[in-house]
Number of protein chains: 2
Amino acid sequence: MSKNRTIIDIATALGISPSTVSRALNDHPRISNETKEKVKKLVFELDFTLNPMASSLRSNKTQTIGMIVPGISYYFHATVLTVVQNLLWKEGYQVIICQSNDSPEVEKELVNTLYASRVVGVIAATTLRTTDFSHYDILTRNQIPLVFYDRVPVNYYPAQIVKGDDYKGGFEATEHLIQLGCKSIAHISGPLTCNLYKDRYAGYIDALKKYKIPYRQDIVFFHELSMDNAVESIKKIFKMETKPDGIFTANDTSAIGALMVARELGIEVPKEFKIVGYSNDPRSSIISPGITTIDQHPDLIGQQLAITILDLIRGAETNLITEPIITPITLTIRESSKA
Amino acid sequence: MSKNRTIIDIATALGISPSTVSRALNDHPRISNETKEKVKKLVFELDFTLNPMASSLRSNKTQTIGMIVPGISYYFHATVLTVVQNLLWKEGYQVIICQSNDSPEVEKELVNTLYASRVVGVIAATTLRTTDFSHYDILTRNQIPLVFYDRVPVNYYPAQIVKGDDYKGGFEATEHLIQLGCKSIAHISGPLTCNLYKDRYAGYIDALKKYKIPYRQDIVFFHELSMDNAVESIKKIFKMETKPDGIFTANDTSAIGALMVARELGIEVPKEFKIVGYSNDPRSSIISPGITTIDQHPDLIGQQLAITILDLIRGAETNLITEPIITPITLTIRESSKA
DNA sequence: ATGAAAGCGCTAACAG
DNA sequence: CTGTTAGCGCTTTCAT
């Protein structure tokens, strides 16, 4: 194991002091350009890098940003992660990705570990069932910038929020079905404790109101958005006397479930029954008929997250938390909702 | 910002020395159980955690493992990452995930940065075009455990390898088509510089040989496995005088492409043309007809990776590199290859 | 614009 | 089994 070089090696080689080398490397203003260049040249030649542990220990600051997601492999989060990680890496930050596996207990532990690791910022999508956010207090209390995205606190919490326009998504999905002539539109929603479903549901309701379509409680479902649950609900729908002629589901898995049940029962989509999902999961474009869905543009959300956390970290003195940042959505029309 | 507690606070509160606290916390063998418990109790009560920077600086060891992947959002890698990250986290390691975006230059930079970060181990899937692996030397030269998976060095390189059984996958896919009665089987492969495609291709060849099916150069394609490339190749196939009656593609995207072209041209799958893909991408089960494919069990690969890197890290003194570890694959039969 | 000196919080010899 | 003493490599006063 070749012993690592230190700042002292650079200093002695150049006949200057370690502090000067340190300052040169950190672009300290009161160091002559001449010295800076001299130092940087040698550092480059020797392929020297500062020991990040030593820097962090001394300055009590890391270059690490924590990111908490329910799971890496969900399409939406994977895409957000990809963008965030790439952008922050370019800015010299390590991103440490943590998975809550949708467990509030694990989430709590993750926050503590991230805090103990002295991260300089945290980006988090909470679990579906997190209603108490006090385990994040340790961050806010210590002025560690915190940005929530996607699944965010429903009530006030002193952290920045970045999220897709779920209300608009719900509204446009429903309006689209109405404009296609649907008279009775079912809805599969997740639990209303989660902002995502609350907002999409609100959009659904308001679209119905706008077009004076009566709300039918018997065709609106609230449950975890798994395939099994979806299939069960859809089957109920198709057994009703007055069947709905369309459905808006709060995720694409449920929409796929709806399509499968319809196929099984010989109900023609979109002719007899129209479907709109949510998220633009890759599967929704592959299945036939393709499923109309709301694209949340996870890449845009990722970009916004990177920008936001960097702003907060760099301007940490001033309190920069603003109103929630809402990113746009796009209704993506496919065969499942053609006229 | 509440000042963080140190080991000294614990020591003075308990009337012992900081080194004893340190040793107790690190489960040093020559510390009395009594003292250990006393220390751990207080540490628990105060919610104290060691400053990882200080520990790392002093011991010149981190608790960080680097992982290099082409991209987080590829289904296969996302699944592997999920498992690896969860398992290593449980063992007290941070995983720092890096994306090469399939660029050898970026990959090189990542290795250097990980080395500079004093990671204690690296897990890597190289880019499709990495043929020179010398940028990994900095790790092996400094005895930092290195495990390649999926895309691995084709020639000898002194690092552990974990990979799916690509040869067998290629063989079984092809044999399956033959047993279904196919007389002429096309193949879409990636570049043979990459072990994945080399091995799958070798399996294809050997299955043909075993069943005495002549190799037709005009129906075997080597190119990047994108949808566009696949569509182009398949169109060529269907224009031929003697059309093949089946195809084995080295990934699922190409298989989906094949299915789409067939659908467009009114060629019935599986009746006239049978398709087998590779990877068991979620899309392959959703599309209709469902696509027969080779499941690589990314979760098993992830488990094996976690076990392997931990072994290497913990037994770093002895050189533990073994022959490549080959994980099993499973032929997953769907409608695209029914008799 | 630069240097000298102190010390971040911890672990590891070296004692005993 | 435990305490004492040195640093790990860097940044940051405080000097000049």
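Lettering of chains follows the sequences in order, A, B, ..., and the numbering in each one begins at 1.
Between the CG atom of Asp27(A) and the P atom of dT12(D) there is a distance of 14 Å, given to the nearest Å. Note: CG (Leu25(B)) to P (dG9(C)) measures 16 Å, nearest angstrom. Atom CG of Asn60(B) is separated from atom C1' of dT11(C) by 12 Å (rounded to the nearest Å). In this structure, Arg118(A) atom CZ and dC10(D) atom P are separated by 20 Å, rounded to whole Å. In this structure, the CD1 atom of Ile16(B) is 15 Å from the C1' atom of dT4(D), given to the nearest Å. To the nearest angstrom, P of dC8(C) lies 14 Å from CD1 of Ile7(B). Between the CG atom of Leu57(B) and the P atom of dC8(C) there is a distance of 13 Å, rounded to whole Å. The interatomic distance linking Gln63(A) (CD) with dT11(D) (C1') rounds to 14 Å, in whole Å.
Taking the nucleotide of DNA chain D with the nearest heavy atom to each of Met53(A) and Arg30(A), the more 5' of the two is matched to Met53(A). Taking the nucleotide of DNA chain D with the nearest heavy atom to each of Ile31(B) and Asn51(A), the more 5' of the two is matched to Ile31(B).
At the phosphate of dT11(D), OP1 or OP2 sits under 4.0 Å from a side-chain N or O atom of Ser55(A). Residue Ser22(B) places at least one side-chain N or O under 4.0 Å from the OP1 or OP2 atom of dT11(C). Side-chain nitrogen and oxygen atoms of Thr35(B) include at least one within less than 4.0 Å of the OP1 or OP2 phosphate oxygen of dT2(D). For the pair Thr20(B) and dG3(D), the criterion of a side-chain N or O lying under 4.0 Å from OP1 or OP2 is met. Within the structure, a side-chain polar atom (N or O) of Ser17(B) is placed less than 4.0 Å from OP1 or OP2 of dG3(D). Contact annotation: Asn4(A) side-chain N/O to dG9(D) OP1/OP2 distance is not under 4.0 Å.
Between Arg151(A) and Asp102(A) a salt bridge is recorded (basic side-chain N to carboxylate O distance below 4.0 Å). A salt bridge is absent between Lys41(A) and Glu37(A); no separation between the charged side-chain nitrogens and carboxylate oxygens falls under 4.0 Å. Contact check on Lys38(B) versus Glu34(B) returns no salt bridge, with no Lys/Arg side-chain nitrogen under 4.0 Å from an Asp/Glu carboxylate oxygen.
In this structure, Phe133(B) and Tyr157(B) have tilted ring planes: the angle between them lies in the 30° to 60° band.
The end-to-end axis angle of the helix from dA1(C)-dT16(D) to dG16(C)-dC1(D), rounded to 10 degrees and based on five pairs per end, is 30°.
Each of Val119(B), Ile123(B), Leu88(B) was compared with Met67(B) under the side chain to side chain contact (heavy atoms under 4.5 Å, CB included) criterion, and only Ile123(B) meets it.
Trp89(A) is listed as a side-chain neighbour of Ile96(B), based on a closest heavy-atom distance under 4.5 Å. At a threshold of 4.5 Å between non-hydrogen side-chain atoms, the residues Val154(A) and Thr193(A) do not count as touching.
Counted by atom type alone, Asn51(B) and Asn4(B) present zero donor-acceptor pairs between their side chains at under 3.5 Å.
Comparing dG7(D), dC10(D), dG9(C) by their closest approach to the side chain of Thr6(A) singles out dC10(D).
Donor-acceptor pairing under 3.5 Å, judged by distance alone, is absent between the side chain of Ser59(B) and the base of dA12(C). Interface remark: the Arg23(A) side chain does form a donor-acceptor pair with the dG3(C) base, using a distance-only criterion of under 3.5 Å.
As judged by a 4.0 angstrom heavy-atom cut-off over every strand, Ser32(A) is placed among residues touching the sugar-phosphate backbone only.
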